[in-house]
> 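If you scroll down you'll find the structure; I have some questions about it.
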Amino acid sequence: MSKPSLPQGTRDFNAATVQKRQFIFQTIRSVFETFGFQPLETPAMENLDTLMGKYGEEGDKLIFKILNNGLDNPAKTEQVEAGFEKITQGKSSTAITERALRYDLTIPFARYVAMNHGALTFPYKRYQIQPVWRADRPQKGRYREFYQCDADIVGSESLLNEVDLIAIYVTAFEKLQLPVAIKINNRKILMGLAQVCGGEDKMIDLTIAIDKLDKIGWEKVKEELNNKGFSEHQQNIVSQYLNISGTNDEKINQLKTLLGDNENGQKGIEELIFVLAYHEATGMAKHLVADFTLARGLNYYTGLIFEVKALDAQMGSIGGGGRYNDLTSLFGVPNIPGVGISFGVDRIYDVLEGKQLFPNTIESTTQVLFFNLGEAEAKAAYLQMTTLRNKKIACEIYPEKSKFDKQFKYAEKKNIQNIVIIGSEELAQQQCTVKNLSTGNQSTIAFAELANFFS
RNA sequence: GAGGGCGUAGCUCAGUAGGUUAGAGCGACAGUUUGUGGCACUGUAGGCCGUGGGUUCGAGACCCAUCGUUCUCCCCA
C-alpha cells in the first residue's frame, strides 16, 4: 500500500465546501417542503434487475454492480464460473452480481411506489435528496458519485403539476441567486414531427439527430438523417422545424403551421401553451424558453420535458425532468402517471463557485476561543465556556497550555472572531479579558456578565 | 468506448540542447518574543523526480509500457 488515494470520480469535501453544499441542499429542501412535498429515502443499493434495462443500453453499462459475497464457496464453483463466462460476454449474471448502486432517484422511486401504492395517498408528492453513482468517465461537471434532488408527483395527470414543478425551479434558483433558463419542450411535439415526416417508429432516430444540432450543426444532422433513411422532403420539414425562432409565442405559431392538424403535435402545443400562460400570470414565464430541439435521453418521458441551463456558464444542464405516463408498470403496477424534476447539486455548486455567487455568510465557525493558560485557569475557563454553550454560543477551549502566539494563530486560522483570556490575574478577580480579533478591541468582563456580553 | 494534456517537497510550480550534491515561492515546525496574534528576520524538517523497462559513459529530461490524473467526443446531472 503506497500513498492513499480516492476512487476515480469521487471527492472529499472540506469544511468550507460542506457548508456551501449544505446551503444548496437546505435551499432546495425548504422549497420542496414549501410546495407540499414529503421526504423519501431509499437504499444506496438496489437489486440489479430493478435497475437493468431502465436507462437504455448506454445506461446499463454505467451502472455500478456489486460483487456477490461467497463466490469462493466450493459448492457454488460451477455456477460462479458459468456466471463469469456470461460476464465476459458482456451479459450480467446474478451468480456474480445481484445488487447494484443506485443510478438515479426516479427508478427507485417508481419501485417504491409500485411496492407501496396501496398505502400511499394520491397524488403522492415526494422529494428525495441522495447520492447516485455512475461508472462514467469523469470530467468537468461529471462525477462518479454525485447528488440529485428530485421532486415527483405521481397519481395525477393535471398540468397544474407541471406548472408547480416549474415554479419550484424558478423559486429555488432565485433563492440561490443563480440566473437560469428553463427550456421546455413536449415529447408529443417530437412525436408529431416524427409522424409528419416518416412515421413514429423513427422518433428515436429523429430526436437523437435533433438533439445534436447545436453541437454538430445542421449539415451533419442532415447527413445523419440521410443515413437513417429520411427522404429529401422529410429532411426539409426537419430543417424548417429546427429553424423555428423568435419569442415563445412566435415559435409556437410557426410550429402550429408546420405540424398542421397532426393530433399529437396539436396536443403537445396545447399543453405547452397552458403552462406558459399560467406562468405569464405568476410572472415566472420570463425564465421559460420553448425549445423544440430539446429531447432528453431517457425514454420513459411522454409529455412535457424540462431542462435547466445556467446562464453564462460552461456547464451542461443543472437540472431536468418531465412527464412519464406509466413508469410503475415497469414494476407491475400500471396506470400511475407522474411528472418530476431533478436538481444536479454538484453542478450547481461548480457554477456558483465559478461565478462566486455563494453568500459569504454561510461559513459558520466557532464564535469564541478560550485561551488555555494553566490547569486552574483552564478549569475556570471551561466553566465559563459551558455557560456560553448553554446560550447556544459556539465556543471551544484550546486543549493545551501553550504560548499566546500559538493560541492566537489557531483562532486566526479557524476565523474565530473572539478570544477570552483567563489567566491567574483574571482568575483572582473573577473576570476575564475579551478581545475581538477583527477590531482589536479588548475589554475586561466579570464572569457573571460574560454570557450577556456575547448574546 | 475513442482521442489529447499532465505526473518533480504538504501545495503551486521551475529545472534551459541529456552532464557534478535536485530548486523557488507558499505552507509546516522552531527561535528572535514565557500575558497579546496578523508583519518582519533567522533557522529546521520535508523528494525511490508516479511505477517498470529501454537508449546512453551518464536520464528528472529521450523512447516504450503501465498506473494515476485532467480535458474533449459519446452520453449525461
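Below, each value reflects all heavy atoms present in this structure, side chains not excepted, and no hydrogens, waters or symmetry copies. Chain naming here is simple, since letters A, B, ... match the order of the sequence lines and numbering starts at 1 in each.
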> Check the distance between G37(B)'s P and Y398(A)'s OH and give it to me in whole angstrom.
16 Å
> Whole angstrom is fine here: how far is it from CZ in F306(A) over to C1' in A77(B)?
16 Å
> Taking donor-acceptor contacts at under 3.5 Å, does the side chain of Q442(A) reach the base of U36(B)?
yes
> Classify the nucleic acid contact of Q148(A) as base, sugar-phosphate or nothing, counting any heavy atom under 4.0 Å across all strands shown.
sugar-phosphate
> Side chain of F408(A) only, heavy atoms from C-beta on: which candidate in G37(B), G35(B), A77(B) is closest?
G37(B)
> What nucleic acid atoms does E426(A) come within less than 4.0 Å of, heavy atoms only: base, sugar-phosphate, or nothing?
base
> Is the base of C76(B) touched by the side chain of R347(A) through a donor-acceptor pair closer than 3.5 angstrom?
yes
> Can you measure I129(A) atom CD1 to A77(B) atom C1' for me and round it to whole angstrom units?
15 Å
> Between R99(A), R111(A), K65(A), R102(A), which is the residue that forms a salt bridge (Lys or Arg N to Asp or Glu O under 4.0 Å) with E46(A)?
R111(A)
> Just name whichever nucleotide pairs with U16(B), Watson-Crick or G-U, keeping both distances under 3.5 Å, else none.
none
> Can you see which heavy atom on A310(A) is nearest to which on V180(A), and at what distance?
CA-CG1, 4.2 Å
> Give a yes/no answer on whether the side chain of K403(A) brings an N or O atom under 4.0 Å of OP1 or OP2 in G31(B).
yes
> What's L62(A) touching, base or sugar-phosphate or nothing? Going by heavy atoms closer than 4.0 Å.
nothing
> Q8(A) CD to G7(B) C1': how many Å, rounded?
15 Å
> From CD of Q139(A) over to P of G1(B), roughly how many Å is that when rounded to an integer?
14 Å
> Any idea which of G37(B), C75(B), G3(B) is nearest the D136(A) side chain?
C75(B)
> Under a 3.5 Å distance rule, please check whether R347(A) uses its side chain to pair with a backbone N or O of S317(A) as donor and acceptor.
yes
> I need the NZ-P distance between K406(A) and C29(B), as an integer number of Å.
6 Å
> Give a yes/no answer on whether the side chain of R137(A) brings an N or O atom under 4.0 Å of OP1 or OP2 in U69(B).
no
> Please test Y382(A) against F370(A) for ring-ring contact (aromatic ring centres under 6.0 Å, His included), starting from the C-alpha separation and ending with a verdict.
CA-CA 8 Å; Y382(A) 199 91; F370(A) 284 81; 9.0 Å; no
> Would you say the side chain of E58(A) and the base of G1(B) hold a donor-acceptor pair, judged only by whether the two atoms sit under 3.5 Å apart?
no
> Kindly confirm whether the side-chain ring of F146(A) is stacked on the base of A77(B), judged by centres under 5.5 Å and planes under 30°.
yes
> Check every atom of G35(B), G37(B), A77(B) against the side chain of D405(A) and return the nucleotide holding the closest atom.
G37(B)
> So K435(A), base contact, sugar-phosphate only, or nothing? Heavy-atom distance under 4.0 Å.
base
> Has the side chain of D60(A) got a donor or acceptor atom that lies under 3.5 Å from a matching backbone atom of G53(A)?
yes
> Rounded to whole angstrom units, what separation is found between the NZ atom of K140(A) and the C1' atom of U70(B)?
11 Å
> Classify the ring geometry between Y112(A) and Y124(A) as parallel (under 30°), tilted (30 to 60°) or perpendicular (over 60°).
tilted
> Just to be sure I understand the rule, does S317(A) reach a base, reach only the sugar-phosphate, or reach nothing, if contact means heavy atoms closer than 4.0 Å?
sugar-phosphate
